[in-house]
Amino acid sequence: MVTPVTRRAGVRAMLDRDEAYDQDPKGEPPISVPRYRRALRAAIDVGPELVAEQGMPRSGAEAKAYSAGVRDALDTVVGAIAQEIEYVPATSPSADEPPRTER
């Protein structure tokens, strides 16, 4: 049975293989750039709708607290991603346009 812990370990192992590929690129990379983009989009698009899906009876106050906690955790994950990709929010009206950086 795949658990969150084993899934996390599997993803870490895949990232380790991908980093090793960077050092010795033979064959196809374990994770392609489009797959990285899909994974990042999936991570940042996760929402706090888990309360209703869990099926656990909760009072209104408990549901609100749970949703707030989930939202905070997801915001922390997105913040970590933003920090790692060095995202800097635009201060101009063209905030939809990502910052340009040299590679």
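For clarity, every value in this text was computed on a predicted model and none was experimentally measured. Positions are given from 1 along the sequence.
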- Residue pairs, two or more places apart or on separate chains, that pass salt bridge (charged side-chain N to carboxylate O under 4.0 Å, His left out) and touch residues 32-41: none

- Task: Share the residues that join V33 in a hydrophobic cluster, the rule being Ile, Leu, Val, Met, Phe, Trp or Tyr side chains under 4.5 Å apart at the heavy-atom level.
- Result: none

- Message: Test of understanding: clusters of I, L, V, M, F, W, Y form through side-chain heavy atoms closer than 4.5 Å, transitively. Do I44 and V46 belong to the same one?
- Response: no

Sequence neighbours excluded and cut-off under 3.5 Å, please list the side-chain donor-acceptor pairs for residues 69-81, or say none.
| from | atom 1 | to | atom 2 | distance (Å) |
| --- | --- | --- | --- | --- |
| T76 | OG1 | D72 | O | 2.9 |

- Mind checking what makes salt bridge (charged side-chain N to carboxylate O under 4.0 Å, His left out) contact with D24, not counting sequence neighbours? K26

- Message: Under the rule for side-chain contact (heavy atoms from CB on, under 4.5 Å), what residues qualify as partners of P25, not counting sequence neighbours?
- Response: Y21

Atom pairs and distances, donor-acceptor, side-chain atoms in residues 6-20, under 3.5 Å, two or more places apart:
| from | atom 1 | to | atom 2 | distance (Å) |
| --- | --- | --- | --- | --- |
| T6 | OG1 | T3 | N | 2.8 |
| T6 | OG1 | T3 | O | 3.0 |
| T6 | OG1 | T3 | OG1 | 3.2 |
| D18 | OD1 | I31 | N | 3.1 |
| D18 | OD2 | Y36 | OH | 2.4 |

